Amino acid sequence: MTDYKTAEINITGIVQGVGFRPFLYNLARSLNLNGYILNRGNAGVRLVLQGSSQILRKFLEDIELLKPKISYIENIEVNYLENSQEFKTLEIQESEQGRGISLTLPPDIAICNDCLKDMRNPQEKKYYNYPFIACAECGPRFTTVTELPYDRERSTMIKFPFCAQAEPESCIQEYTDFNNRRFHAQTFACSVCGPHYKLFNKQREILKYDSIEVILQETSKRINEGSIVAVKGIGGVHLVCLADNDDIILKLRKRKGERKYKPFALMVPNLKIIESILKISEKEGELLNSYRRPIVLLERRTPNDNSIISKEIAPGLNNVGIMLPYSGIHHLLFDYIGNKPLVYTSGNKSYIPMAIDNQKIFDQLQDLADVFLLHNRPIYQRADDSVLRIHDDKVKLIRRSRGYVPGYLPLPFEVDVPGAIATGPLLAATGAILRRNRIFPTQHIGNISHLEAFEFLKEALFHMKNLLQINDSEIKFVACDAHPEFITTKFARELGVLFKCDVYRIQHHFAHILSLMAENNVEKDERIIGIATDGVGYGEDGNIWGGEILLSSYNDYKRLAQLEYQPMVGGDRCTKYPARMTASIILNSLGLEESEKIFKKLKLENDLEYKNTELKTLTSQFKQVNGQYPSQNIPLTSSTGRIFDTVSYLLGASKVKTYRGEPAMRLEGMAMKGNPDNIELEIGFTKKDNIYIIKTSDLVIDLISLLGERKFKNEDIAAKFQIEFGKTFAEIAIKLARENSIDKIGLTGGVAYNYSFSKAIKENVLQSGLNLLEHNTIPPGDAGVSVGQLIGGLFKYYNQD
Ligand SMILES: [Zn+2]
Ligand SMILES: [Zn+2]
């Protein structure tokens, strides 16, 4: 036995919660290797195995070949040990608390096909129609785990001890049987020992609890009768109702309060039933079916087919958010409801994070839901459904949450900083944690406009820090937005005091571009021309930025182009009322007298909250400053979002704004029905003090006269505008790239979600022979800003020493 060796093997990556440990055990066993296996938290998995070098080599090769689908191996390190004791058995040892630079925990995983089969098989007594069925390769993870290493006692499943007597095999037997799919699975349970659903009325009285069949019969009956049902799931609670009935959707909108037009997501039992009305590309189908199960925005085939999806689901938009069932309860509900789409929207009041605790669910949804289908498994971390759309082959994440968190972005260079925190922007926010050269964004938080959302941000950040096992003393800096008054900026200052470290304020659009650079592996000393087309961000000159081209390195940026500054008469009200923004631009471009004629023609006052009174105030505010703005009531903005608002308003796509991004989204919906070809519209630019300026005043005047001609359909003008606007950004970016000998142009910011606008930029850049960097893993919108804040902070931190 000269060739007999003892190998110590350390594996890092996503190697916990994906059936990796049982897989290794069975692989080692099949090769007759003895020794042990143990989980070491973020340090990964360690094995010590004895055998001939040939067999050990085979073992290592097979790991890569046969590993469980969702596992991800970052690194395998092998050391051969001298004079080791001899092992007579193969064992899984108790986990230990190891430290590493990564997170070995996967996101929540959709129910797998094997579990689905068991759930539908009447022979499988324990699991038949049991919605919490799971195995080593599927089930909740991130939302359930309280701490690492990943074991049942550090998950919310601790409440449900394994049964010892169930037929045909108890859960203890399954857990300890290496031939079983649930061998060493941590979050499974059965109908004997696991959590259960009950159906409650608003008074919190139990309506049905006897069997899941009875519960589902009653639930589906209520849904079919038009009720809105709160259904607790994996990372939170949904409001569920029929999707084909206008009245029910309108009832839901009314109950949600401030949700007049914002689209609702749907869940469908299978893609077949919507294929005739929605386009599904191969990539979209793949993502919809992936274990992450996000909501994917799918384009309508024919705009007005409302046969199975009510027109009230997404008014004015040409796409609908669709997802497939990802947990047992979803599948079972469709078994009873039938083959039709259901509204499946986050169960929360507008602006408040959804409740995850049963009593709080009752409190929050008291006036929203008619009945409550709730289970008794605690949710540890809230995670909304993720939302994305596809541009050709690239993923544009809008909300990065369930199924994606706690995934990380690797930075394309070495970093020796042990930890840092970013508090994000203010709207559509996430926070993020840096651990050496990895950035871990939190789940989606949303608008930090209410205390509840702020608390959620805090909690999510500290949980992530805890999962990553970062000590307080390892936090070397805190990064935040450049806006001095944001609650997230103030929070960053508090964290700076708490962790005794510096706080760096990073300009919003620079942060967007930094996240894009890292995602695209831009090297440490490289520079790019970054186009940031966005809503709002605090600019270094105190104005509101949002349509910028920045020459960027990781260290710094220089603003080389922008949209012409436009006044926002009455400040933030212009963001809320597209008519007001439009009036401001017209006043700025044409002066008072000419403007008033146009206001009349547009009947603009009708679209202001206080009608004629407001218009009068607006014009007098404008007159008062006599062209001297920015002033207290009239800030300046270069926001791309505000131009989309204005164009959308002028073309009648969006007269009022009821949710963030609505005018731009409706404009896109309108443009999809238009033909840009025969329209003459050029968007010009000029150069002033070495900065290119896109002339938005001229654009608005041109649009008004195009409309006056009445020669073209508004749909056609909308289509033309999006393309032409993109082209202008591209043209300037190409010029700047050439002037500065740079070959990479990047596109980021919330407006980059607009398909034909970004396609125009992409096509023009590629035609010029330059490269275009775009997002695929980090959200282009504000949900990606916290990532950029950390990168910006990191380089400030380095440059300071
Ligand atoms: Zn499974
Ligand atoms: Zn059991």
Side-chain angles (χ1 to χ4, degrees), residues 108-122 124 127-134 138-140 191 196-197 199 208 211-245 248-249 252 264-278 280 285 288-296 298 307-310 313 320-347 369-375 385 402-403:
D108 299 303
I109 304 164
I111 183 170
C112 74
N113 286 333
D114 290 332
C115 284
L116 205 50
K117 247 186 255 160
D118 287 353
M119 189 180 81
R120 293 243 161 84
N121 180 0
E124 287 282 345
Y127 296 120
Y128 181 56
N129 282 348
Y130 182 61
F132 298 93
I133 188 168
C138 81
S191 58
H196 282 280
Y197 273 100
L199 186 67
K208 297 283 172 195
S211 74
I212 189 73
E213 290 83 3
V214 174
I215 290 172
L216 286 168
Q217 255 161 26
E218 181 67 18
T219 308
S220 58
K221 191 182 122 215
R222 302 262 181 161
I223 291 176
N224 278 326
E225 285 169 0
S227 290
I228 296 166
V229 181
V231 180
K232 189 178 173 191
I234 301 289
V237 59
H238 289 101
L239 289 168
V240 180
C241 66
L242 294 177
D244 58 356
N245 183 309
I248 297 171
I249 314 290
L252 176 60
F264 290 121
L266 306 183
M267 187 180 280
V268 292
N270 54 69
L271 294 179
K272 257 196 211 99
I273 64 164
I274 46 150
E275 266 171 358
S276 63
I277 55 166
L278 302 174
I280 310 169
L288 281 161
N289 278 298
S290 73
Y291 73 87
R292 302 182 194 275
R293 292 290 152 97
I295 295 168
V296 179
L298 299 177
S307 52
I308 56 170
I309 299 176
S310 156
I313 290 288
V320 184
I322 297 288
M323 69 178 142
L324 285 168
Y326 55 83
S327 108
I329 194 70
H330 303 146
H331 289 276
L332 290 174
L333 199 52
F334 282 115
D335 287 352
Y336 284 80
I337 281 275
N339 217 9
K340 56 184 161 192
L342 288 175
V343 170
Y344 242 91
T345 185
S346 299
D370 298 306
V371 284
F372 294 78
L373 181 57
L374 306 180
H375 60 68
D385 298 313
R402 181 192 47 77

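Everything numeric here is computed off the predicted structure, so don't read it as measured data.
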What is the distance from atom [atom1] of [X] to atom [atom2] of [Y], rounded to the nearest 0.5 Å?
X	Y	atom1	atom2	result
Ile223	Glu218	CD1	CD	11.0 Å
His238	Thr345	NE2	OG1	7.5 Å
Asn270	Leu324	CG	CG	8.0 Å
Cys115	Ile109	SG	CD1	10.5 Å
Phe264	Cys241	CZ	SG	7.5 Å

Can you tell me if [X] uses its side chain to pair, donor with acceptor, with the backbone of [Y] under 3.5 Å?
X	Y	value
Tyr197	Lys232	yes
Thr219	Ile215	yes
Asp335	Gly338	no
Asp370	Val229	no
Asn289	Gly285	yes
Arg293	Pro325	yes

message: Would you say the rings of Tyr130 and Tyr128 are close, in the sense that their centroids are separated by under 6.0 Å?
response: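 No, the ring centres sit 6.0 Å or more apart.
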field: Ring centers of Phe132, His375 separated by less than 6.0 Å
entry: yes
For residues [X] and [Y], report the shortest heavy-atom separation together with the two atoms involved.
X	Y	result
Gly226	Ile248	CA-CD1, 3.5 Å
Gly139	Ala134	CA-CB, 4.2 Å
Ile309	Pro341	CG1-CG, 4.5 Å
Ser307	Asp244	O-CB, 4.2 Å
Pro131	Ile329	CB-N, 3.6 Å

How about [X] and [Y]: do any of their side-chain heavy atoms sit closer than 4.5 Å?
X	Y	value
Leu199	Phe372	no
His331	Ile111	yes
Glu213	Asn129	yes
Ile280	Glu275	yes
Cys112	Leu116	no
Leu252	Ile228	yes
Ser310	Asn245	no
Ile337	Leu216	no

Applying side chain to side chain donor-acceptor pair (under 3.5 Å), can you list everything that pairs with [X], at least two apart in sequence or on another chain?
X	answer
Ser191	none
Ser290	none
Asn224	Lys340

task: Using the side-chain contact (heavy atoms from CB on, under 4.5 Å) rule, take Leu342 and Leu242 through it: C-alpha gap first, then chi angles, then the decisive distance, then the call.
output: CA-CA 5 Å; Leu342 288 175; Leu242 294 177; 4.2 Å; yes
Ring-face cation contact, Tyr326 with Arg402, 6.0 Å cut, 45° max: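 Output yes; distance and angle both within limits.
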message: Going by side-chain contact (heavy atoms from CB on, under 4.5 Å), Tyr344 matches just one of Asp385, Val231, Leu239. Which one?
response: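 In the set Asp385, Val231, Leu239, the residue that makes a side-chain contact (heavy atoms from CB on, under 4.5 Å) with Tyr344 is Val231.
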field: Reference residue Leu298; test side-chain contact (heavy atoms from CB on, under 4.5 Å); the match among Ile277, Leu288, Val320, Leu266
entry: Leu288
query: Arg292 and Asp108: side-chain contact (heavy atoms from CB on, under 4.5 Å), yes or no, with the steps?
result: CA-CA 7 Å; Arg292 302 182 194 275; Asp108 299 303; over 6 Å; no
